[in-house]
Structures are given as structure tokens and as C-alpha cells.
Amino acid sequence: MNILGLDKAMEIIKQNVSNFNLEENTYLLKTKDAYLTLSLDEDNEHPEDKKLSVKVTGGNIVVIETDERPFSDMFSNSEVN
């Protein structure tokens with residue numbers, strides 16, 4: 001069953017990463033129409049479990065990139081020095 005392009009989005013993500021792992025990573029897919037964020041989030045009703053989180057944002061998206069790291073205390077990325 002294809003839920004609003006989710007199957008195709010999953011296929012594209014898996015084709016473009018060498019080790020698809022939702023336990024360790026959040027994936028952001030940028031297309032001409034939208035951004036899709038795919039992750040596993042904590043389940044508020046069952047804290048021992050995680051649930052699939054799919055967020056799609058479309059429309060006029062403004063992306064601003066910076067070398068500043070305002071979230072470094074909350075999130076770490078071993079690939080960033």
C-alpha cells in the first residue's frame with residue numbers, strides 16, 4: 001500500500017544510504033515538492049517502545065545553512081569536528 005508516496009520515499013532513501021538504520025539515524029529527504037523526515041521517536045504511551053515518525057513539509061520552504069552549532073549541547077554528530 002502506497003501512503004501518499006511513502007513507499008517511493010523509503011525506496012529512494014534506502015537506495016542512497018549504505019546502511020539504513022532508523023534506530024541510529026533520522027533521514028531527511030528533499031524533493032522538488034517537499035521535505036520528508038523519517039525517524040523513530042519515543043512512544044509517550046509506551047516509553048519502552050519507539051514509533052515511526054513521518055513528517056512531510058511542503059510549500060515555500062526556506063533553507064538556511066550555517067557553520068554555527070547552536071544545538072551542539074543537545075545533539076552530537078560524530079562526523080562533525
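- Pairs engaging residues 11-22 under the salt bridge (charged side-chain N to carboxylate O under 4.0 Å, His left out) rule: Lys8-Glu11 [sequence neighbours left out].
- The salt bridge (charged side-chain N to carboxylate O under 4.0 Å, His left out) pairs that include a residue from residues 21-30 number zero, where partners must be two or more places apart or lie in different chains.
- Remark: Phe20 engages Tyr27 in a ring-ring contact (aromatic ring centres under 6.0 Å, His included) (not counting sequence neighbours).
- Here Glu48 pairs with His46 under the side-chain contact (heavy atoms from CB on, under 4.5 Å) rule; sequence neighbours left out.
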Got a list of side-chain donor-acceptor pairs under 3.5 Å for residues 49-65, not counting sequence neighbours?
residue	atom	partner	partner atom	Å
Ser53	OG	Asp41	OD2	3.2

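- Not counting sequence neighbours, the partners of Asp33 by the side-chain contact (heavy atoms from CB on, under 4.5 Å) test are Thr31.
- Qualifying side-chain contact (heavy atoms from CB on, under 4.5 Å) partners for Glu45, counting only residues two or more places apart in sequence or in other chains: Asp43.
- The only member of Ile12, Leu29, Leu28 that meets side chain to side chain contact (heavy atoms under 4.5 Å, CB included) when paired with Leu36 is Leu29.
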